[in-house]
Every structure is written in structure tokens, then in C-alpha cells.
Amino acid sequence: MLPDSLQSTTQDTANTVYDVAVFVPLHTTFSYLGPANVRAGTRVRVPFGHRECTGIVLDETNAPADVTLKPFIDIPDTEPLLPADSLALGHWLSRYYHAPLGDCMELLLPALARQGTALPAPKPRLVVRLTHKGRAIAAQQLTGKKRQALVSALHSQGDIPQAELKALNISLATARSLERDELVQIQPEVQPVAAQPSANTLSLTTAQADILGHLLALPDTAEPQVLLGATGSGKTEIYIEWCRTTLQAGQQCLVLLPEIGLTPQMISRFSARLGMTVAQLHSGMSDLARLRVWQGLQDGTVRLVLGTRSAVLAPFHNLGLIIVDEEHDGSYKQHDGVRYHARDVAIWRAHQQGCPILLGSATPSLETLANAERGRYNLHTLLRRADQGEVARSLVDITRHATTTGLSNPLVERITDHLQQGQQVMLFLNRRGMAPSMVCTACGTIQQCPNCSAYVTYHQRPARLLCHHCGWSHRPPYPCESCHATTLEPLGIGTAGLEEQLRAHWPDVALWRIDRDNIKHADDWATINAEIHSGKAGILLGTQLLAKGHDYPNVTLTGIVDADSGLFSADFRSYERMAQLLTQVSGRAGRRSARAEVIVQTRLPDHPLFHQFLRTDYFTMATQLLHDRQQVGMPPFSFLATVRADHVEEEQAAQFLSDLGNTLALPLAVTGLGPMPALMSKRAGLYRQLWLLRSTERKTLHAVLEQIIAHCAQHRPPSGISWGIDVDPYEF
DNA sequence: ACTCTTACGAGT
DNA sequence: CTCGTAAGAGTA
């Protein structure tokens, strides 16, 4: 049955035909009948086969001749939820990433709007101001029960209940001393006032001021700007000042960060400097909190937002600046669903909005550097501050120095030395590769996850075998997969294992472990950071998290416990990532010290990348790597896409892809590689095969992808196959 | 993705 | 002959 809102109209006047992006993973849109003047971007509930789905109205269209159209079931909103800009973004995402339009449009909506139900109304707000002799002494927003209690207290002309005074932080004595009629003013349903940045300006160095001056003078149509600045060179000050100018011009700013862990620190820096509230958007927030920010951005009441990947998909009222911090970071790439890259989406959005965009990094991606070299992007270099000492870099060959504990003697000596001088030491452990895996002491088999082709890892507290890829877990004892003996022991060393060794070696020294098991919330960061920043001697032990963003000014020695694992990868980006990691980790140390050092433990001391690391800077390493990329014709000197197939039988997945390859006549510009097993060839019980497409022309590659989609629409893949396309892939 | 339809083998 | 699972097809 139709709801009342449509009852009167639908039967007689539902005669306008609309094209709808239904939220199903199909590469087609569907036409429906609806009342006149339903605008593009409006959500609709529609009949779809034997069920009901939600979709987004795209356009008025002509009735297709061969089908009988059905009318909308419901129109949950009176206004379009997606503005024209978002619709254009959805269309672009669908075209560029070859994802179904319905999936792309759904992605642009906050989670609470995806089900097609009416959105929760904003809570009524009541601002209470207490004034005394015309002077404001307190103000507070009240909602819910407290609001009710206060309103009825005022209406009955009685005294304000004590509880309310407590809520307002006012003592009873203070209240009694006030004259009744000037005690309370009520301003119901007040809109939050759009915050204005205060004039709390920073003093910039000459180098920072020069670059900022350049940026502020740019026309809106300028090419993307790149800020190459070593850690501690002061990129953030430039971000903040550019935002200030943009906000003062009445426009909104979007700042993208790679990790949720980095947002609290950045938020406090931005809000302190700009003297205004800064909104955030990341996966750690509730759906409702995200919806409120999303709505605030759309209506323009939220002026500045810091967020992770998905924040680039939010609607804006008048976006005036986008900043992508740590633009090289791989976590900007989405690894399931619509596999978009937030940095690339940001560049498209800036172009579409006609607003400037800044990509900042100490270690820019080779793609970005190549664009700068070609003159498509404009590169600014911010050097390390003169008052910061150089960092001495050295290698330790761990094939020549015994490492029973994972630490070589030279590293142990240096750690002791730095600790004795009252300084902090940071040990970086790349968890991948040197995995805390389980080995059977009876037969030597390294244990694999029963569902995946990955090795299981061992966690000590609580004692468990875990698969990081599918979540499988088992409590020891666990029978060896090969000989069923229960004599498994951890192989190599993980953070937990190394932690034990460190405690044994330096029992009286403070030890801070920083990894994802340990730090889940902003509060955890705050506590641990406060202690570290107090400056007392100690050891910081951590994984990737340590390499990102946070500054530890009292660290004078950084040790990379095992640098080699990153070099064994089949991935063409592994050297680039390694160069970035080495540079980022080194940058964490010695911000104030003249004699800071970095020690890298490796089995491959002759590797050219390590040689360069000892002698040159990131830019030189990256230039060399870019040259190597050109030789092998990999991105940014070619364009890649993968076709992925998952199936319970590895052979079936491979067969599907090779059949696909055989039916397509690839143009000259495009070469197909594979099918081959994915790097993680089996996950969560499914085998994954990949077919890699490489092209010298983006256009030709996209035409091939179109062909694949058309082919699969016509000849449905065998059941049990799940397949998909990944444009500009990061995982193989 | 979801749901309904059809196909075919084991069990009565 | 019926029930249960698996593969197939359509969604406006």
C-alpha cells in the first residue's frame, strides 16, 4: 500500500518517468514513474524484482518502449539529499573506477541515509544564558530531560531546581544573590553559530612565509600544489594559515589525513591556532555524529573538517580549499567496494569546484613527483629547520652479528649508551615479514591459517594464534597442521616478544609499546604521549603506527629492527614504500638534538636502496626509483587495472579469468598478465586470482574495462564466482 | 544483492 | 513422488 503522502498523487499523476540509480551492484540504471518535479538527488523507495530497494533519482527520462514501468513506493525526503556536485562526483566515480552507479551514489550518503528511512530530526536545542546585572555569567545548551525540567520550572514561576543549577555549574548562593527577573534568558532552538577563525596568527619562518605567499596568490584554477617538507619543517603551519585565509573569505576547508590516530592531534593544533571548533569525520564516530557533520557541511554551518579517506566524499556548501596530508599514504586507497583513491578523488573535486588543492608529504608518491616533473603539479620544497641537527644513519649487517633477541650487539650498545644519557630510544618493528609466526618444533612446519594462505601470528597476552586476514583465532595448544604434534613455538619475534627481551635487558627503563593492540582510542594516545613528552628516558617500541605523524622530540636513537621484509615483496611499489618508511622513521628522531642517529638492521647491507639511504635524501632516492619505474614501464609510466575473481576452487577462479582473456581482443596499447594467484592467494575460504591489465593509454584501458563489464552483463559468470575491477590497484 | 524458479538426486 | 540443495535468471 502506498503511504498517505503518495496516495493522492501516485495513481493519477505518477506519470513522469525518472531514471533511478538503485542501490544494487548492477551496471545499469532503472526507470520508474513518479509525481512531477522530483528533483535529481532525491532518495526513493522502489519495487525491485520481488523486493523493495532504495535509490537516487537521476534525471527525467523517456519511457523505454519495451517495459512497463512501476511507480515509486515512497519518497522519504522533501529535498534532494545529494546536491548536484555530489551527483556529478557519483557519476565520475562510477566511470573512473568502473563501479556500479548505484554503489557509487550509496557511498556518497551517510550510513543512516542508506536504508531509505526518514533521517532523525535534529534534537531541539535550548540555550540558557544566566546574566547578572546585564553581564553573562554562564551559558549552556540543554537537551532532553534537563531541558524539560528547566522549562517547566520557569513556567511555574518557581525557583530553578537545584539540579539545574548544578548542570549549569552555578551555586545556589550565586543564584539567590541574583535578581529573579534577570536570572534567566531563554533562546530556544538556536542555530549553532558558524565559528569564525580568531586572529591568533602564527609567526612563520621566512621559508614558510615565502611558500604561503605563493599559495595565497594562486588563481582558483591553478594546478595542484605539492608541498615537499621533511618532518618538522613546518608543513602544518602552512596548512593552518591557508585554511585561515580561506575561512575568512567565507569558504569551507577540507583536510584529509591518512589515519584516524592522527586526527585528535591535528584537531587540537588546528582549533588552538584558529580559535574555532574543527569538525572531524572518521570511522571511529557514531553514524549519528557523522550524519550531523555531513549535514553541517552541506548547509555550510560546519566550516572546517579534518577527516580520513571517506571525508572526501562529503557534500560541501562552498568548498574553498582541499589539503591532503601525507598524500603518499596507501591508506587513502579503498580496498573493497568502490575502490577509490581519496587523493585522486580530492584532485578531481578541487578541479570540479574550481578550488585550490595542496598535497603535502615528506615523502611524496612517485605518481605525484612525476606529475610535478611534467609540470602538471607545482612543487614547493620546505627544508628542515636550521636548528635541527642532522641524523647519522648507519647499517648493521645481522648476518655477521648474532641476534638471539632480535637485536644485534652494536644496536644493544647504542641503546644502552643513549639510555644512560637520559634519552629516549625508538625501536621500529615491521610486523610483516618478521612475523611472530608459529613453527612446529617436531617437523619444522610454519603454521598457516586453515582458511587463508597467510601464516598465523602469535599473540602472547592473551595467548592466541590469530589470522590477521580473516579473524580466525585459536587458543594454544594447537596441533601442527602437518604432523599434529602440539609442540608449537613462536618463530622470530613480534612486538610482544621483543618487549619481553627488552624488559629482561633493561629492567629499570620505561618501555612504551605502541601498536594497534595497545592503542585503540584517542585517550590511549593522549596518556601515552603525555608520558613520552615528559621526556624521561625510555624505549618506544612499535609498528607502522610509529612511522606516521607523531613527533617525539626527545628520541635521539631510532632502530629499525628488521628492514628486509619490505624488499622481498613481489609488489612493484615495495622499494618506494621502503624508501618512504626509512625516511619517515628517521624523521621521527632527533628533532632537537645535534647527535641523533638511525640504525638499520639488515641481512642485505649491499642493497642499492640502503646505500642511497646512507648517502642521499628522499628526493634523490625517489628520482632514481622513478627512473627504474620508467625502465620497467610501470606506473606512473603506464596505467594499471586488475580483474579479480574469487571462488572456493582456485582452478575455477583462474578459469573464469582466462576465459575472459580469451574472449577479449586486447588493443595494442594494452597487455594482459595472468591470471595469477593474488599475493594472498586464499582468504576467508576463497581463492583469489588476478588478471593484471597494463596500458600505455588510460583511455584504451578504460575501453577494455567497459568491454569486460559488457561481456559479463551478457554472459553471466558461473555461479560461485565473485569478481570485480580495481583501477589503479595497490594490492596484488 | 536478493529472491524466486527450475533441475536433479536421495530417500520414502 | 517429495523434499532439499544448487545452479540460473531477472530486477524497470
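Reminder, nothing fancy here: chain letters follow the sequence lines and each chain counts from 1.
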Which one, [options], comes nearest to the side chain of [X]?
X       : options               : value
A:Arg51 : C:dA12, C:dA7, B:dT3  : B:dT3
A:His50 : B:dC4, C:dG10, C:dA12 : B:dC4
A:Ser31 : C:dG10, C:dG8, C:dA12 : C:dA12

Using a 4.0 Å heavy-atom cut-off, does [X] contact any base of the nucleic acid, only the sugar-phosphate backbone, or nothing at all?
X        : answer
A:Thr28  : nothing
A:Tyr32  : sugar-phosphate
A:Pro718 : nothing

Searching all strands shown, indicate the nucleotide that pairs with B:dT12 (Watson-Crick or G-U wobble; both distances under 3.5 Å).
->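 The answer is none; no pair meets the criterion.
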
Just by distance, with hydrogens left out, do [X] and [Y] show a side-chain donor and acceptor under 3.5 Å apart?
X        : Y        : value
A:Asp329 : A:Ser331 : yes
A:Asp77  : A:Thr42  : no
A:Arg573 : A:Ser365 : no
A:Glu60  : A:Thr16  : no

Separation of [N] [atom2] from [X] [atom1] (nearest whole Å):
X        : N      : atom1 : atom2 : answer
A:Leu26  : C:dA12 : CG    : C1'   : 12 Å
A:Asp336 : B:dA1  : CG    : P     : 12 Å
A:Ile73  : C:dA12 : CD1   : C1'   : 12 Å
A:His27  : B:dA1  : NE2   : P     : 11 Å
A:Phe30  : B:dC2  : CZ    : P     : 15 Å
A:Asp19  : C:dA12 : CG    : C1'   : 10 Å
A:Tyr18  : C:dA12 : OH    : C1'   : 16 Å
A:Arg45  : C:dT11 : CZ    : P     : 19 Å

Is A:Asp571 salt-bridged to A:Arg577, going by a charged N under 4.0 Å from an acidic O?
->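 Salt bridge: yes.
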
